[in-house]
Amino acid sequence: MPGGPAKAEPRSGGGEGAGEGAVHPVWSRDFALFFVARAVARLGDTMLPVALAAGLLQHGYGAGAVGLAMAATVAAFAGFVVFGGVIADRFSTRRLMIGADLVRLAAQALAAVLFFSGHVVLWEICAIGLVNGVAGALFQPGVASTTPRLATDVQGANGAIRVAESAAQLAGPAFAGLLVGLASPGGVFAAHAATYAVSALCLLLLRLPPLAVGGAPVPSTFTADLVEGWREFRARTWLWGVIAVWCLYMLTVWGPTLPLVATEVVQRHGPGAYGLINSALGAGTVVGGLLALRLRPRRMLRAGAIGLFAFVGFPATVGLGLDVPAMAAGAAVAGAGMSFWGVMWATTVQTQVPADVLNRIHAYDVAGSLAMMPVGQALAGPAAAALGAGQVLVVAGAMSLVVAAVLLCVRPVRNLERADAPTAGALPAGPADRVCRTGTDPAAD
C-alpha cells in the first residue's frame with residue numbers, strides 16, 4: 001500500500017509500559033534502550049557457534065554433532081515463529097520479549113553449567129537449542145512492531161540497528177575465541193546468557209508509546225488470528241512476491257554459499273583467511289547500514305534489489321579461485337549490498353503493514369525466508385561432489401544476479417512507493433494493545 005509520509009503525532013490510548021512520551025524521529029531514551037538490547041543480543045548470538053563448536057569438539061563430538069546442535073535451534077525457530085507472531089498480536093509484545101529473554105538466559109546458564117562441569121551430553125545440548133529456538137520464535141515478531149513505535153524515521157532506526165548488529169557480528173566471534181582461550185567454552189555460554197540478561201533489563205526499562213485506539217476489540221480465536229495473518233500476507237503481492245523469490249535465493253545462493261565458502265577458503269588458504277573474509281563481510285554490512293541511513297529512495301524495494309546485485313562478489317570470487325584480498329573485497333561489497341537490502345526490506349514491511357497484523361506478517365516473512373535455507377545447505381555437499389565446489393559457487397553468484405533481476409521484474413515490488421509511517425496515518429491499535437481478545441489488559445504493567 002504505497003503512500004506519502006504521515007504526520008508525526010503523539011499516539012494516545014491504552015498502551016504498554018509506564019509513561020507515554022512522544023515518538024522521536026530516531027534517537028530517544030527508549031530507542032537507545034532498544035538499540036542496546038538488539039546490539040548486545042546480536043553480540044551473544046554470534047558467539048554461540050564458536051562456543052558450540054569448541055565445546056562439543058573438546059568433549060569428543062564431531063562436526064555432525066555441532067551441526068545437529070545448531071540445527072535444533074534453527075528448526076525450532078522456523079517451526080514456531082508463525083505461532084509466535086499470532087501470540088505477539090494477542091498479548092503484550094514487550095512482556096513476551098522479556099519472557100523469551102529470561103527463558104534463553106536460563107537455558108544458556110544451564111548450558112554453561114554443563115560445560116563447566118564436564119557433563120556434556122549431545123541430546124541435552126540439542127534440547128537446550130530447541131528451547132532457545134522456541135523462545136526466539138516468540139521474541140522475533142515483536143522486533144518488527146517495536147521499531148515503528150519508537151521512531152517516526154523508521155528507515156533511520158532500522159539503519160542504526162543494522163549498523164550496531166553488524167558491528168556486534170564482527171566482534172562476537174573474536175570475543176568468543178578469546179573467552180575459550182582464557183576460560184573455557186562454558187565461559188562463552190555464561191557470557192551469552194549475560195547478553196540475554198542485558199536485553200531483558202533494557203526491555204524492562206523500555207516505555208513503549210501507547211497505540212491509538214481504533215475501536216472495540218473483536219473476539220477471535222487463535223486459529224482465526226492465524227488465518228487472518230495468512231490472508232493479510234497473501235493480500236500484498238509485493239510481500240509474498242519477495243518471499244517467493246527469496247525462497248529461490250536461499251535455495252540457490254545463500255544456502256550453498258555459506259558452507260562451501262567456508263570449506264573452500266579453509267582448505268586452500270587456512271582458517272586465518274576465512275576469518276579475514278568474514279570480517280570483510282561484516283565490515284561491508286556496517287557500510288551498507290550507514291548507506292541506508294543516508295539514502296532515502298522513493299521506491300525502497302527497487303533500490304534494495306539493485307543493491308542485491310553486489311552480493312555476487314561473495315560466492316563468485318571464491319568460486320573463481322581468486323586471491324584472499326580479492327575475496328575479502330568481494331565479501332565487503334556483498335555485505336554492503338545485503339545490508340542495504342535488509343534495511344529497505346525491514347522498513348518497507350514496518351511502514352506498509354498495519355500495526356495490528358504486523359507481528360503476524362513479520363512472522364510469515366521470517367518463516368518463508370528461512371524455509372529453503374536448510375535445503376540449500378543440504379544440497380550444497382552433493383552438488384559440490386558432482387560439479388566441484390568452485391563451479392557451484394560460480395552458479396550461486398550467477399543466481400544472485402538472477403534473483404535481483406527477478407525482483408526488479410515484479411511490478412508490485414519494483415513500483416511500490418515508500419510510506420514513512422504505517423498506513424492509515426497513525427498506528428492503529430492491535431488487539432494486543434487495546435484490551436486483549438483473551439480478556440486481559442497488556443497495558444496493566
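Given the structure is predicted, the values throughout are model-derived calculations rather than measurements. Values below: every heavy atom of this structure, side chains too, minus hydrogens, waters and symmetry copies.
For the atom pair CE of Met344 and CG of Leu416, the computed distance is 12.5 Å after rounding to the nearest 0.5 Å. Rounding to the nearest 0.5 Å gives a distance of 7.5 Å between NE2 of His192 and CE of Met47. Distance CZ/Arg298 to CG/Asn415: 9.5 Å, rounded to 0.5 Å. For the atom pair CG of Leu308 and CE of Met338, the computed distance is 5.5 Å after rounding to the nearest 0.5 Å. Once rounded to the nearest 0.5 Å, the distance linking CZ of Arg302 with CD of Glu417 reads 9.5 Å. Residue Ile128 holds its CD1 atom at 7.0 Å from CD of Gln108, rounded to the nearest 0.5 Å.
The two atoms that bring Gly319 and Val394 nearest to each other are C-CG2, 3.9 Å, heavy atoms only. Nearest heavy-atom pair across Ala326 and Thr317 is O-CG2, 3.9 Å. Across Ala389 and Glu264, no two heavy atoms sit closer than the pair CB-OE2, 3.4 Å. Scanning all heavy atoms of the two residues, the minimum distance from Leu105 to Ala193 falls at CD1-O, 3.1 Å. The two residues Val120 and Leu114 have their closest heavy-atom pair at CG2-O, 3.8 Å. Smallest separation of non-hydrogen atoms from Gly289 and Arg162: CA-CG, 4.3 Å.
The backbone N or O of Ser339 lies less than 3.5 Å from no partner atom in the side chain of Thr285, so there is not a single donor-acceptor pair. At least one donor-acceptor pair closer than 3.5 Å links the side chain of Arg236 to the backbone N or O of Glu232. Looking at Gln155, its side chain does come within 3.5 Å of a backbone N or O of Ala292 through a donor-acceptor pair.
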Stepwise side-chain contact (heavy atoms from CB on, under 4.5 Å) check, Leu150 with Leu206: CA-CA 10 Å; Leu150 295 175; Leu206 185 67; 4.1 Å; yes

Can Phe35 and Thr147 be said to form a side-chain contact (heavy atoms from CB on, under 4.5 Å), step by step? CA-CA 9 Å; Phe35 177 88; Thr147 303; over 6 Å; no

Take Asp101 and Arg104, measure what side-chain contact (heavy atoms from CB on, under 4.5 Å) needs, and give me the verdict at the end. CA-CA 5 Å; Asp101 271 342; Arg104 291 185 289 186; 2.9 Å; yes

Would you sort out whether Thr252 and Val395 count as a side-chain contact (heavy atoms from CB on, under 4.5 Å), showing the intermediate values? CA-CA 8 Å; Thr252 62; Val395 171; over 6 Å; no

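Between Arg296 and Asp153 there is a salt bridge, since a side-chain N of the basic residue sits under 4.0 Å from a carboxylate O of the acidic one. Ion pairing of Asp45 with Arg42 is absent here, as no side-chain N (NZ or NE/NH1/NH2) approaches a carboxylate O to less than 4.0 Å.
With contacts defined as side-chain heavy-atom distances shorter than 4.5 Å, the pair Thr237/Trp240 qualifies. Between Thr93 and Leu96 there is no side-chain heavy-atom pair separated by less than 4.5 Å. The closest side-chain heavy-atom distance from Val113 to Phe189 is not below 4.5 Å. Within the 4.5 Å cutoff, the side chain of Phe77 has heavy atoms near those of the Gln140 side chain. Annotation: side chain of Met97 is in contact with side chain of Thr146 (closest heavy-atom distance under 4.5 Å). Within the 4.5 Å cutoff, side-chain heavy atoms of Phe311 are placed close to those of Trp254. Within the 4.5 Å cutoff, the side chain of Leu295 has heavy atoms near those of the Phe340 side chain. A 4.5 Å side-chain heavy-atom check between Glu165 and Arg38 finds at least one atom pair inside the cut-off.
Counting non-hydrogen atoms of neighbouring residues, nucleotides and ligands closer than 6.0 angstrom, the CZ atom of Phe233 exceeds 12 such neighbours. The 12-atom threshold is not exceeded at CZ of Arg234, counting heavy atoms of other residues, nucleotides or ligands nearer than 6.0 Å.
Relative to the six-membered ring of Phe34, Arg149 misses at least one condition, a distance below 6.0 Å or an angle of at most 45° to the axis.
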Ignoring hydrogens and angles, write down the donor-acceptor pairs under 3.5 Å from the side chains of residues 399-413, residues two or more places apart or on other chains.
| from | atom 1 | to | atom 2 | distance (Å) |
| --- | --- | --- | --- | --- |
| Ser400 | OG | Gly397 | O | 2.5 |

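Every ring-ring contact (aromatic ring centres under 6.0 Å, His included) that Trp246 has, sequence neighbours left out, goes to Tyr249, Trp341.
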